[in-house]
Amino acid sequence: MPRQIKIFDTTLRDGEQSPGCSMNLKDKLDVAESLARLGVDVIEAGFAIASPGDFQSVQAIARTIRGVSVASLCRALEKDIDTAWEAIKDAENPRIHTFLATSPLHMEYKLKKTPDQVYEQAVKMVKYARNLCGDVEFSLEDASRSDPAFMYKVIEGVINAGASTVNIPDTVGYAVPEEFSTLIKNIRENVPNIDKAIISVHCHNDLGLGVANSLAAAKAGAGQIECTINGIGERAGNAALEEIIMNLYTRKEYYDMTTRIDSTQLYQASKKVTKATGVRCQPNKAIVGENAFAHEAGIHQHGVLANRATYEIMTPESIGLPHNKMVLGKHSGRHAFEERLAYLGYNIVEEEIEKIFAEFKVLADKKKTVSDRDIEALVSGFGSGVPETFKLDRFVINSGSSITATSVVRLITRDGEKVEKVAIGDGPVDASLNAVDKIIGGSEIKLEDFSLQIVDAIDTGTDAQGESHVRITRDGRTWNGSGVSTDIVESVIKAYLSAVNTMTFELEQEKTRSAV
Ligand code: KIV
Ligand code: ZN
C-alpha cells in the first residue's frame, strides 16, 4: 500500500517573499483557489505579522478557501503567534506554523541566544500556540546545519509541547540527497516520541537540489513536503511542487508514495502563478516549461510518432497541458468558445466570459485561427477584479531609426472622459508610456521590469500576439500587470494600465479603510 505524503504549499509565503514575486490580494486568492483545486493539504497563505497587507490576505484566504488547511508563518514570539492566529482562526482547518533557528551560526549571530535559551523558547512558544490552535507546526530553521544531538532534543521538546508537525528545513540549500536522507533516518531513530508527529521537509534550491533532497527525505520517512509552484522562493527558490508530484507519479514503483494532488491541474496552477507574479519559467523548466513536451529534433519526432514512449516518459495530458482539438476562428460561437475555456480548465464568471468573448471576436477578426495559447493569453488579461480606472482608447506612434519616437495616446477614465496626450521617448514603448504617465499623473511611478513574449509565433508566424508583463513601483511598493494584443506596443500599454489600475484600486481601498 503506497504511503500518503502531505503536500504543504508555500507559494504564497516563501514564494511571494522572493524578489519580483509579490502578488496583490485578488491574485493571491486566485492562486489559493488553484491550490485547493490541485489538492494540496496545506496552503501557507503568508506571514501575517509582516505587514497589514499580508495579514489581510492570510485572513481572506482563511475565510474563503475550503477543503484544505490554511497556515500562517510566525516567529516563535507571543505577538507573532497572536497575529498569526487572528488571521487564520476562521479557516476550516487553521494551522500555526512557528519557527526558530537551531544552527550554531544562527543562534550565535542572529538570535544571540545560547542553545538552552533556544530550546526553552521553542518549547514555550509551541505550548503557547497550542493553547490557541489545535494544529501547530514547528520549524527548526537552518536544520541541515544544526548539531544533530541538539536537534533531537528540540524536536522531542516541541512534540511534547504539542507540535503535530516538525519541519526540517534546508534553509540555505546546503544539503545533498544522501546526507539529507540520513538526517531524516537519524531523526526517526533518535527522537523517542517522533511517532507522535509528522516529519516535514522544506528544501531550498541554492545548489539545484531542492527537489532531489525533498524526494530523498520522503523516501527516508518524511511525511510532508513543503514546496512551491514553479519553484519560486527565496534566492534560487524552493523545491518545485510540479516536479515533486511528477517524480512520484512517473516513478511510482520506485517511490511507492501517493499524494492528494490531481496532476492534471498542474499546468493551470503554474499559469496562475506566472500571471499573478509576472515571473515566467525558463523554457526548459521541467514539467511546466514551454519546451518540456516539445520535440524539436527530427529523430525524436520520428520516434514519438512511431511510439510516444520512445522519448516521452509522461504525457502532456497528465499535467493538464492542453492540446488543440478544435480550431476556433471568427465564425466560432460563444458556446464553442465557452467549451474551449472549460476544456482549458478555466472557471470564469458569466460577466467576465462576456468580456473575454468580445475580445476573442476582435482577435478572431485579425487572425485566421485562434489557438489555445491565444486564449490563455486573452484570459490572462482578465479576471483581476480591479475596476478600469484608465482604459486604452487609441494610440498612434511615429517611430523610426533616424527620428525621435513620438506617441499620441488617448485613455478613457472611469468617469467616461477621454483624455489625450503626446510624448516623445526612447522608442515607441517609452514614448507611449510617457504619454500615459502625462494623463494619469504618473511621475512617481517607476517601471521596474518589462517582458514581452510572442505567443504562437512558431505556428502562426506574423499572425502571432504579443503578451506583455510589467512591474511598477511607487513608494517602495510593487504591482504587476499583463496585457495582450496583436500589436506589441498596445500589449505593453495595456499591461502598464493594468498595473496602474491595480495600484490605484489598492491605494484607494486602503485610504477608505483608514478613514473608517
Ligand atoms: O527556509 C526556511 O527555513 C523557512 C522556514 C521559516 C520554514 O522558510
Ligand atoms: Zn524557506
Side-chain angles (χ1 to χ4, degrees), residues 6-19 21-22 40-50 54 58 69-77 80-81 83-84 87-88 95-107 109-111 118 121-122 125-126 129 135-146 150-151 154-155 158 163-175 180 183-184 187 197-211 213-214 217 222-241 244 273:
K6 283 186 189 292
I7 298 295
F8 176 115
D9 181 277
T10 183
T11 307
L12 294 168
R13 199 276 298 168
D14 219 329
E16 212 245 352
Q17 232 165 278
S18 62
C21 284
S22 56
V40 305
D41 298 277
V42 186
I43 294 176
E44 185 161 58
F47 195 164
I49 204 166
D54 275 58
V58 175
S69 295
V70 176
S72 171
L73 185 68
C74 48
R75 289 168 298 182
L77 297 170
D80 274 43
I81 294 171
T83 310
I88 56 164
R95 173 180 292 192
I96 291 178
H97 177 195
T98 188
F99 72 99
L100 194 58
T102 50
S103 68
L105 255 173
H106 280 232
M107 289 191 290
Y109 294 100
K110 190 179 81 174
L111 301 174
V118 166
Q121 186 179 340
M125 287 304 106
V126 168
D135 184 359
V136 174
E137 169 169 339
F138 180 79
S139 283
L140 296 86
E141 193 189 8
D142 207 17
S144 53
R145 293 192 299 170
S146 300
F150 179 57
M151 248 193 328
V154 174
I155 296 172
V158 296
S164 42
T165 306
V166 280
N167 185 32
I168 311 299
D170 181 25
T171 302
V172 289
Y174 182 73
F180 201 55
L183 176 67
I184 302 302
I187 289 173
I198 291 176
I199 301 177
S200 170
V201 288
H202 173 115
C203 299
H204 279 271
N205 208 28
D206 299 67
L207 292 173
L209 292 173
V211 169
N213 285 332
S214 307
Q224 173 179 285
I225 299 178
E226 305 197 355
C227 44
T228 62
I229 300 287
N230 297 345
I232 63 170
E234 286 275 15
R235 305 178 310 276
N238 289 58
L241 182 149
I244 287 166
V273 171

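Start at 1 and go down the list; that is how both ligands and their atoms are numbered.
Ligand 1 has at least one atom lying under 4.0 Å from a heavy atom of R13.
Looking at ligand 1, you'll find an N or O of H202 within less than 3.5 Å of one of its N or O atoms. Annotation: H204 places an N or O atom under 3.5 Å from an N or O atom of ligand 1; distance criterion only.
R95 places a side-chain heavy atom less than 4.5 Å from the side chain of T165. N167 places none of its side-chain heavy atoms less than 4.5 Å from the side chain of F99. Looking at heavy atoms from C-beta onward, L100 lies out of side-chain contact with M125 at the 4.5 angstrom threshold.
The two residues V201 and A222 make their nearest non-hydrogen contact at CG1-CB, 4.1 Å.
Other residues, nucleotides and ligands place more than 12 heavy atoms under 6.0 Å from the CZ atom of F150.
For atom 3 (O) of ligand 1, the closest non-hydrogen atom on the protein side is T171 OG1, 2.6 Å.
Residue contacts with ligand 1, taken as heavy atom pairs separated by less than 4.0 Å, do not involve E226 at all. For Q17, no heavy-atom contact with ligand 1 is shorter than 4.0 Å.
For E234, the salt bridge (charged side-chain N to carboxylate O under 4.0 Å, His left out) test picks out no residue, with sequence neighbours left out.
Side-chain atoms of T228 and N238 include no donor-acceptor pair closer than 3.5 Å.
Within the protein, the N, O or S atoms sitting under 2.8 Å from the Zn ion (ligand 2) are D14 OD2, H202 NE2, H204 NE2.
A side chain to side chain donor-acceptor pair (under 3.5 Å) with H202 is found for exactly one of D14, D170, T10, namely D14.
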